[in-house]
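All remarks here apply to the structure that follows.
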Protein chains: 2
Amino acid sequence: GPHVIVFANEKGGTGKSTSAVHVAVALASQGYRVAGIDLDPRQRTFYRYLENRDATAQRRGIDLPTPAYEVFTGDTLGELEQMVERMSDGADYLIADTPGRDDRFARHMATLANTLVTPMNDSFVDFDLVGQVDPDTFKVKKLSFYAELIWEARKARAKSDGVTIDWVLMRNRLQHIEARNMRRVGAALTELAKRVGFRVLPGLGERVVYRELFPSGLTLLDKGMLGELGVSHIAARQELREMVAGLQLPRPRA
Amino acid sequence: GPHVIVFANEKGGTGKSTSAVHVAVALASQGYRVAGIDLDPRQRTFYRYLENRDATAQRRGIDLPTPAYEVFTGDTLGELEQMVERMSDGADYLIADTPGRDDRFARHMATLANTLVTPMNDSFVDFDLVGQVDPDTFKVKKLSFYAELIWEARKARAKSDGVTIDWVLMRNRLQHIEARNMRRVGAALTELAKRVGFRVLPGLGERVVYRELFPSGLTLLDKGMLGELGVSHIAARQELREMVAGLQLPRPRA
Ligand SMILES: Nc1ncnc2c1ncn2[C@@H]1O[C@H](COP(=O)(O)OP(=O)(O)OP(=O)(O)O)[C@@H](O)[C@H]1O
Ligand SMILES: Nc1ncnc2c1ncn2[C@@H]1O[C@H](COP(=O)(O)OP(=O)(O)OP(=O)(O)O)[C@@H](O)[C@H]1O
Ligand SMILES: [Mg+2]
Ligand SMILES: [Mg+2]
């Protein structure tokens with residue numbers, strides 16, 4: 001079956017959908033067969049971005065590397081398993097974008113992951129769901145509920161079929177000008193990583209190109225399509241390439 | 001009763017809690033009696049920020065202007081009404097922070113608002129929940145579900161007691177360096193504002209000071225308490241002052 005990549009964080013607005021879309025399009029652009037499931041039937045950001053992409057391809061009469069994609073609107077775990085099975089057929093990678101809330105389909109999807117990506121703003125507000133820190137030393141003094149939730153999910157998976165889920169905590173919307181805060185959050189993440197079993201990835205910086213192309217469904221990878229937006233995105237493309245490489249995905253022959 | 005300010009946006013991570021905390025502390029610092037209710041029993045960011053603030057006041061043996069605050073953990077609308085009534089007693093302002101998901105308590109709280117603040121990232125990803133735009137002109141071509149939800153809530157409120165809820169769409173995490181995207185989102189918001197009945201407020205810029213003080217519960221308004229963080233926050237304080245002023249709140253005698 002495909003390598004399953006799930007984007008999960010109960011905290012809202014941490015970049016799950018943005019990361020999921022860019023990883024999916026990056027892999028499709030590299031020639032792999034990519035399928036995506038959007039588990040947020042209401043907001044459906046992942047689905048909407050790719051729907052806009054298809055509309056642009058049609059409107060301009062061009063081909064754009066695009067994953068197969070659907071939104072899950074079912075009511076039962078059985079229905080989710082059916083969609084996962086169907087979308088997995090012939091896919092090298094299955095990508096799942098999940099909602100920013102406590103959701104039983106999101107929790108189930110996390111247990112099906114090979115790679116579980118938890119994007120996070122560089123912020124102790126976001127960090128608070130994984131660990132609480134001392135206000136003076138910024139050391140982690142207490143584990144929080146979301147770290148425990150994922151820890152339990154990984155334990156259950158290892159017990160059921162021996163597979164260890166690669167849990168990647170991906171820092172998002174990084175701004176190097178915020179050096180002190182970035183250093184503190186980084187130190188807390190490094191400390192917690194060992195205790196709780198995730199690894200930390202630098203991820204995407206705060207860049208308008210990761211969001212201003214949503215209405216057209218284009219991405220910074222679509223060189224030549226961007227018209228006035230085709231400003232040099234060399235640094236951003238390198239950043240996205242490094243992020244995908246950092247996910248350490250197995251590479252099936254394309 | 002108090003003037004009720006509700007922070008609501010079904011989209012996650014748009015700055016509801018960050019704005020709610022800073023407005024609450026700003027009003028408390030001005031000498032008003034402020035009460036706050038956190039409607040997110042799991043994440044409880046608003047509650048956690050103020051809990052950290054109380055802990056800092058205690059630890060340092062100082063007084064910090066702080067609202068009364070509780071988190072709602074009930075199961076019924078009746079219980080929510082009871083908490084609202086209890087917290088409203090003696091308060092000039094009642095502030096409610098609500099979760100970034102479709103939540104019946106959040107929906108009910110919105111109908112109780114005098115001022116309903118919907119913070120939003122400067123992003124068509126966030127905008128997509130209020131309106132869909134044309135990828136070439138960026139004009140609003142279709143209303144989205146969240147705009148309709150709030151429109152219906154305001155209509156129901158006006159019908160029930162004649163009160164018009166002041167719906168404020170507050171742009172958050174603004175970065176003037178993103179001029180073109182900012183202009184496009186601004187134009188779409190201005191267009192939609194007339195059709196749907198909200199007004200647009202510039203809100204807070206992207207500043208690390210709005211999040212790096214979460215573990216101590218301090219804010220940029222706590223001059224003299226910030227030690228090494230007491231770098232000149234004059235521009236940020238002015239920005240927060242203008243945001244609060246922009247809410248056009250009635251001012252009871254303090
Ligand atoms: N690296 C980035 N640079 C610039 N903007 C970003 C970046 N990542 C995310 N954003 C913006 O931040 C906001 C939140 O991102 P996104 O919607 O991807 O998060 P999410 O975790 O999927 O949210 P939700 O919990 O609501 O599903 C959006 O407005 C998005 O455009
Ligand atoms: N103006 C700002 N400047 C810098 N960082 C900000 C600003 N506003 C919000 N943030 C950060 O953005 C993230 C989301 O903000 P916040 O938690 O307040 O949003 P929310 O709408 O309450 O989220 P949720 O839907 O999960 O309740 C947090 O990491 C917060 O610290
Ligand atoms: Mg999303
Ligand atoms: Mg919040």
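Lettering of chains follows the sequences in order, A, B, ..., and the numbering in each one begins at 1.
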Against chain A, label B:Thr14 side chain, backbone, both or neither, depending on which of its atoms sit under 4.5 Å from a heavy atom there. neither
Cut-off 4.5 Å, heavy atoms of chain A, and the answer for B:Arg48 is side chain
Supply the atom-to-atom distance B:Glu206 CD to A:Glu206 CD, rounded to the nearest 0.5 angstrom. 5.5 Å
Top residue by heavy-atom pair count (under 4.5 Å) with chain B, among A:Arg44, A:Glu10, A:Arg207? A:Glu10
Any side-chain heavy atom of B:Phe214 sitting closer than 4.5 Å to one from A:Ser123? no
Interchain contact, A:Asp40 with chain B, by part (heavy-atom threshold 4.5 Å): neither
NZ/B:Lys141: more than 12 non-hydrogen atoms of other groups inside 6.0 Å: yes
Please confirm whether the backbone N or O of B:Asp122 pairs with a side-chain atom of A:Arg211, one donor and one acceptor, at under 3.5 Å? yes
Proximity breakdown for B:Phe145 and chain A, heavy-atom pairs closer than 4.5 Å: side chain
Proximity breakdown for A:Arg101 and chain B, heavy-atom pairs closer than 4.5 Å: side chain
What part of B:Asn121 lies closer than 4.5 angstrom to a heavy atom of chain A: side chain, backbone, both or neither? side chain
Looking at B:Asp128, B:Val125, B:Asp103, which one has more heavy-atom pairs under 4.5 Å with chain A than the rest? B:Asp128
Specify which of A:Thr45, A:Leu129, A:Asn52, A:Val133 makes the most heavy-atom pairs with chain B at under 4.5 Å. A:Leu129
Salt-bridge present (A:Asp136, B:Arg59; N to O < 4.0 Å): yes
Considering all heavy atoms of both residues, which atom of B:Pro215 and which atom of A:Pro135 are nearest to each other, and what is their separation? O-CB, 3.4 Å
Can you confirm whether B:Glu178 sits close enough to A:Glu212 that some side-chain heavy atom of one is under 4.5 Å from a side-chain heavy atom of the other? no
Exceeds 12 heavy-atom contacts within 6.0 angstrom, atom CD of B:Gln58: no
